[in-house]
Protein chains: 2
Amino acid sequence: MALPSTYADRNCSLARALEVVGERWTLLIVRDAFYGVRRFGDFATQLGIPRASLTTRLKALVEEGVFERDVDGYTLTPKGIALWPTVRALMAWGDVHYSPAGVKRALRHDADGGLLDAQGRCEQCGSLVEVPETRIEPGPGFQPTVTDPDLVSQAMNQPRRLLDPIKL
Amino acid sequence: MALPSTYADRNCSLARALEVVGERWTLLIVRDAFYGVRRFGDFATQLGIPRASLTTRLKALVEEGVFERDVDGYTLTPKGIALWPTVRALMAWGDVHYSPAGVKRALRHDADGGLLDAQGRCEQCGSLVEVPETRIEPGPGFQPTVTDPDLVSQAMNQPRRLLDPIKL
DNA sequence: GCAGCGTGGTTCAGTGAATGAACCGGGACG
DNA sequence: CGTCCCGGTTCATTCACTGAACCACGCTGC
C-alpha cells in the first residue's frame, strides 16, 4: 500500500497492517498459501497475476516476515499464519453479502468434522480450532467448473487441511 | 481493487470482498467511520487522502451499500458495520507485530469495562460485544502527540463508543 | 553433448489510476 | 453584499500495475 507513514497514522495499527498486506493481490496470495500453494508458478497461474507483480509482492512479503523462502517455494511464517483471522473475517463477509446460495468454502474442525462459527470455534467440540487443524471444503455456494481445471485447482477444490502443501 | 472478476476467482468470497473493500484507503475510511467520522472534510483531513480519491471511494462504497448518505454525511450501513471483525482482526495483527509496547487502541465492553479478547468476547461478562456497545480508547502502545492536534483527532483519541458521531 | 523443457524469474513499453494543488458553487452568517 | 465553510470537481503530473516477451538455470532423454 505504501502509505506515506504519516504522523496522523502513527497510532493506527490498521494503517500499519495495511502497509504490509493492503496492496492489491497480497491477501489473495496469502489465501492461496493457506490453501497449500507454495510455488511461484502456481501462485501466478492460480491468481492470474502478472509475474512481475508477483515477484514484487513476494519479495516484500518475505522482507516483512510474512513468507519465507525454502526449497519448495514460499511458505507462511507464524506471522503470516496469524493473518488467518483476517482472511476468515473477510471471506465470511463476502459470503454473507455476495453469495446468496451460502458459503463458497466451508470450514470444519478436521478432527471431528464440526463446522466453525464466526469466532473460529468448533460447533461440535467447542474448542478454538488452530489453523493446521482446519479443513476447508466446497460449501453450498460453491459453483463447480464445467471444464475441468488444472491439477492445482482440482486439489484446491477438494476437502483439505489448511497449509497442507499441494503435491502433484 | 477492480479485480477482473475472473473465472478462477468465482469461488472465492475473499476476492469478491476485496473487490469492494480492497482498494487503497477503503478500510481506513471504514475505520474512521467506526470512530464516528461522518463528514467528507473530516475523512479528508484525518486520512490525508486526496479529495478526488475520497470522492471516488465514497461513491463506490455508497453504491455497494457499505455507506449511506444522509443529512450529516456518510454513515455505515449494517453491511458496513459487518466489516468490524475484519477491521478488528487486522488491527490486532498490526498491534501484535508492529507495536511492541502493546495495543495502540484497546477495546472494552462499555457496560462493564471488560477488555475484549481476540474473538470479541468480553473478559468480564463473557458475552459477545456488539459494535455499538464497544468502547475504544488509547492503549499502552498509544503515542500521544506533542503538538495538540485538531478537534476531530482530539475527540477520536478520547475513550468513546464505536459509531458515536463526532460532534463539535 | 546437446536439444528440449519446466521452473523461476527479469525487462520493458503502454496504460490506467492515484496524487495534490487549484478551482468552483451553494448556503450560512454578518 | 462580502466572507467563510463545506463538499466537492478539474486537471496536469506521477506512479504503479499490466502483459507479453525474453532470459537463465537445472533436469531429462537421446
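We name chains A, B, ... by the order of the sequence lines, and we start the count at 1 in each one. The analysis underlying the following values was restricted to heavy atoms, covering all of them including side chains, and did not include hydrogens, waters or symmetry mates.
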Engineer: For residues 57-75 of chain A, which residues have at least one heavy atom under 4.0 Å from DNA chain D?
Structural biologist: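 Output list: A:Arg57.
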Engineer: Could you state the interatomic distance from CG (A:Leu162) to CZ (A:Arg88), rounded to the nearest 0.5 Å?
Structural biologist: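 A:Leu162 CG to A:Arg88 CZ: 10.0 Å, rounded to 0.5 Å.
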Engineer: How close or far is atom C1' of D:dG8 from atom CD1 of B:Ile49, stated in whole angstroms?
Structural biologist: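 Nearest whole value for this atom pair: 13 Å.
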Engineer: Might you point out which heavy atoms bring B:Gly113 and B:Arg135 nearest each other, and give the distance in Å?
Structural biologist: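 Closest approach of B:Gly113 to B:Arg135: CA-NH2, 4.0 Å.
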Engineer: With side chains defined as the heavy atoms from C-beta onward, is the minimum distance between A:Arg160 and A:Ile166 less than 4.5 Å?
Structural biologist: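 Touching, per the 4.5 Å side-chain cut-off.
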Engineer: Between B:Thr134 and B:Asp110, do the side chains contain a donor N or O and an acceptor N or O under 3.5 Å apart?
Structural biologist: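 On atom types as modelled, these side chains do not qualify, holding no pair under 3.5 Å.
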Engineer: Kindly indicate whether the side chain of B:Asn11, heavy atoms from C-beta on, has any atom under 4.5 Å from the side chain of A:Gln143.
Structural biologist: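 Side-chain contact under 4.5 Å: yes.
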Engineer: Under 4.0 Å: is that the gap between some side-chain N or O of B:Thr55 and OP1 or OP2 of D:dT9?
Structural biologist: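 Answer is yes, contact under 4.0 Å.
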Engineer: Could you give the start and end, 5' to 3', of the contact zone on DNA chain C for chain A, using atoms under 4.0 Å from its heavy atoms?
Structural biologist: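 Both ends considered, the range comes out as C:dT7 to C:dT11.
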Engineer: By nearest heavy atom, map A:Gly41 and B:Arg51 onto DNA chain C; which one lands nearer the 5' end?
Structural biologist: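 Result: A:Gly41.
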Engineer: Which of these nucleotides, D:dT9, D:dC17, D:dG7, is closest to any side-chain atom of A:Glu23?
Structural biologist: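 Between D:dT9, D:dC17, D:dG7, the one nearest the side chain of A:Glu23 would be D:dC17.
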Engineer: Quickly work out the B:Arg38 CZ to D:dG7 P distance and round it to whole Å.
Structural biologist: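 Between P of D:dG7 and CZ of B:Arg38: 13 Å.
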Engineer: Rounded to whole angstrom units, what separation is found between the CZ atom of B:Arg24 and the C1' atom of D:dA16?
Structural biologist: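 One finds 9 Å between C1' of D:dA16 and CZ of B:Arg24, rounded.
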Engineer: Give me the ring orientation class for B:Phe40 and B:Tyr74: parallel if the planes are under 30° apart, tilted from 30 to 60°, perpendicular past 60°.
Structural biologist: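 Geometry flag for B:Tyr74 against B:Phe40: tilted rings.
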Engineer: Does A:Glu137 come within less than 4.0 Å of A:Arg105, counting only side-chain N to carboxylate O?
Structural biologist: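 So A:Glu137 does not pair with A:Arg105 through a salt bridge.
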Engineer: For B:Ala44, report the nucleic acid contact type (base, sugar-phosphate, nothing); a contact means any heavy atom under 4.0 Å.
Structural biologist: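 B:Ala44: no heavy atom of the nucleic acid under 4.0 Å.
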Engineer: I'd like to check B:Phe34 versus B:Ile136 (side-chain heavy atoms, cut-off strictly below 4.5 Å). Are they in contact?
Structural biologist: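 The answer is no, as the side chains (C-beta and beyond) never meet within the 4.5 Å cut-off.
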